[in-house]
Amino acid sequence: MKKVEEFLEKHKIDLNNVNSLLGQKGFRFLSDDEIFETKEWLSNYKLNVGLFPIITNDESDFIAVYTEEPLLDKIALLQHNNLDFTPKFKDFNSLISSIERGFITTDNDWESFENHFDYPNQNDNDKENSIIESLKKDLIKKDISNGKYELLTSAIMVLTPYKDIESIYPYLDDKNVFVRQKCISILGDFYQHEPIKEKIRETLKTINNKILEKKVYNGTLIETKKGFWKSLFK
């Protein structure tokens with residue numbers, strides 16, 4: 001089993017400094033036993049990719065690191081009440097940098113990471129474009145699990161640079177409701193992408209996302225103030 005210390009040594013990360021930083025925000029490293037148990041739980045989702053749970057907030061939420069190509073070193077935030085394996089940070093150092101810069105405002109507050117993720121990726125990047133191509137090749141393989149399908153498609157969408165944003169439009173019609181919702185989140189919540197606003201409205205009707213609808217009506221979404229989401233529910 002890959003221990004926390006071995007992982008940090010590989011990435012030249014000071015254990016003491018990171019321990020102190022995490023402790024101030026209500027996070028901690030998992031023990032070896034907890035890592036084993038969490039990996040057993042993750043195996044139920046049949047992702048068939050290396051995913052190393054490393055940090056918890058002691059509320060059944062985890063920060064995990066991808067340990068295999070093509071998502072090697074990328075970071076996922078796994079919330080028990082809204083499980084999503086999509087990469088959020090490009091690597092562990094980027095995650096720690098976000099914590100150091102004060103993007104977590106209260107103890108255990110995962111939501112305060114919002115709008116400070118590395119992904120969706122707005123800029124063109126040759127390395128990330130290469131990863132997208134690898135993900136697409138994996139996507140056409142036979143007999144992939146539902147969980148892996150959701151991971152591959154959502155990773156493709158968040159890594160796609162804005163200049164190629166039209167390439168993710170077809171996911172609004174995907175057979176999988178998670179994929180459709182992820183596409184709406186990227187095009188609408190993140191980019192407020194006006195050219196396809198009507199299509200987003202149509203797709204929303206297929207999702208029945210009461211949580212999103214409530215956020216729109218009570219004005220907690222920043223975008224609501226600009227009218228983008230509110231107009232979709234009129």
Side-chain angles (χ1 to χ4, degrees), residues 10-13 47 49-52 63-78 84-103 110-141 144 147-174 176 178-201 203-204 221-223 226 228-229 232:
K10 173 189 173 184
H11 293 275
K12 298 180 174 59
I13 297 167
L47 298 177
V49 293
L51 190 60
F52 180 60
I63 292 174
V65 184
Y66 280 96
T67 59
E68 295 177 5
E69 298 286 1
L71 296 175
L72 181 65
D73 291 337
K74 300 199 180 302
I75 304 293
L77 304 183
L78 309 180
D84 182 355
F85 296 101
T86 312
K88 296 295 194 300
F89 293 95
K90 63 181 180 181
D91 55 37
F92 192 78
N93 285 317
S94 180
L95 165 72
I96 296 302
S97 176
S98 292
I99 297 175
E100 287 177 332
R101 285 181 283 169
F103 294 149
W110 298 75
E111 298 303 324
S112 58
F113 273 124
E114 202 73 44
N115 299 320
H116 297 292
F117 300 141
D118 292 331
Y119 303 112
N121 172 39
Q122 300 184 61
N123 302 311
D124 197 20
N125 180 297
D126 288 340
K127 182 179 179 180
E128 307 254 280
N129 290 338
S130 177
I131 293 172
I132 291 171
E133 293 307 309
S134 295
L135 292 167
K136 288 180 177 178
K137 289 178 182 177
D138 286 344
L139 195 58
I140 62 176
K141 292 178 180 177
I144 64 172
K148 188 163 187 178
Y149 178 81
E150 292 177 356
L151 168 61
L152 294 174
T153 51
S154 63
I156 288 169
M157 285 189 279
V158 298
L159 266 66
T160 296
Y162 186 74
K163 73 177 187 63
D164 297 327
I165 198 67
E166 291 183 9
S167 69
I168 76 169
Y169 286 3
Y171 290 118
L172 287 171
D173 291 314
D174 196 88
N176 185 294
F178 172 87
V179 175
R180 297 199 302 274
Q181 184 165 315
K182 177 62 69 173
C183 193
I184 286 174
S185 176
I186 293 169
L187 292 172
D189 195 10
F190 187 79
Y191 286 121
Q192 300 176 56
H193 193 58
E194 291 285 344
I196 202 166
K197 187 172 181 177
E198 290 305 314
K199 179 61 180 177
I200 292 174
R201 187 203 305 273
T203 304
L204 274 168
L221 281 178
I222 295 174
E223 289 76 11
K226 299 179 181 179
F228 183 87
W229 282 111
L232 294 179

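Here the structure is a predicted model, which is why all the values come from computation and not from measurement.
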Check: What are the two closest heavy atoms between Pro70 and Ile131, and how far apart are they?
Finding: O-CG2, 3.5 Å
Scan the side chains in residues 158-171 for donor-acceptor partners under 3.5 Å anywhere in the protein, sequence neighbours excluded, and list what turns up.
{"residue": "Thr160", "atom": "OG1", "partner": "Ile156", "partner atom": "O", "Å": "2.6"}
{"residue": "Tyr162", "atom": "OH", "partner": "His193", "partner atom": "ND1", "Å": "3.2"}
{"residue": "Ser167", "atom": "OG", "partner": "Asp164", "partner atom": "O", "Å": "2.7"}
{"residue": "Tyr169", "atom": "OH", "partner": "His193", "partner atom": "NE2", "Å": "2.6"}

Check: With Gln122, which residues qualify under side chain to side chain contact (heavy atoms under 4.5 Å, CB included), at least two apart?
Finding: Phe190, Tyr191
Check: What residues, two or more places apart in sequence or in another chain, satisfy side-chain hydrogen bond (donor to acceptor under 3.5 Å, both in side chains) together with Ser130?
Finding: none
Checklist line | For the student: nearest non-hydrogen atoms of Asp174 and Arg180, plus distance | finding: O-NH1, 2.8 Å
Check: With a 4.5 Å heavy-atom cut-off, do Leu95 and Asp118 have their side chains touching?
Finding: no
Check: Who passes side-chain hydrogen bond (donor to acceptor under 3.5 Å, both in side chains) against Lys199, sequence neighbours left out?
Finding: Asp173
Checklist line | Distance (rounded to the nearest 0.5 Å) between Leu187 CG and Lys197 NZ | finding: 13.5 Å
Next item on the list: Side-chain contact test, heavy atoms from C-beta onward, threshold under 4.5 Å: evaluate it for Leu172 versus Ile196 and give yes or no.
Entry: yes
Check: With sequence neighbours excluded, what pairs up with Lys141 under the side-chain hydrogen bond (donor to acceptor under 3.5 Å, both in side chains) test?
Finding: Asp138
Next item on the list: State, yes or no, whether a side-chain contact exists between Tyr66 and Leu72 at a heavy-atom distance under 4.5 Å.
Entry: no
Next item on the list: Taking the side chain as every heavy atom from C-beta outward, state whether Leu71 and Phe85 have any atom pair closer than 4.5 Å.
Entry: no
Checklist line | Heavy-atom side-chain proximity of Thr86 to Phe117 below 4.5 angstrom | finding: no
Next item on the list: Take Tyr149 and Val179 through the test side-chain contact (heavy atoms from CB on, under 4.5 Å) and record every step on the way to the result.
Entry: CA-CA 9 Å; Tyr149 178 81; Val179 175; 4.0 Å; yes
Check: So which pairs with a foot in residues 88-99 pass salt bridge (Lys or Arg N to Asp or Glu O under 4.0 Å), sequence neighbours left out?
Finding: Asp84-Lys88
Next item on the list: Using side-chain hydrogen bond (donor to acceptor under 3.5 Å, both in side chains) as the criterion, list what pairs up with Tyr119, not counting sequence neighbours.
Entry: Lys74, Glu128
Check: Does any non-hydrogen side-chain atom of Ser97 lie less than 4.5 Å from one of Phe89?
Finding: no
Checklist line | Residues which pass ring-ring contact (aromatic ring centres under 6.0 Å, His included) with Phe92, listed by chain and number, not counting sequence neighbours | finding: Phe7
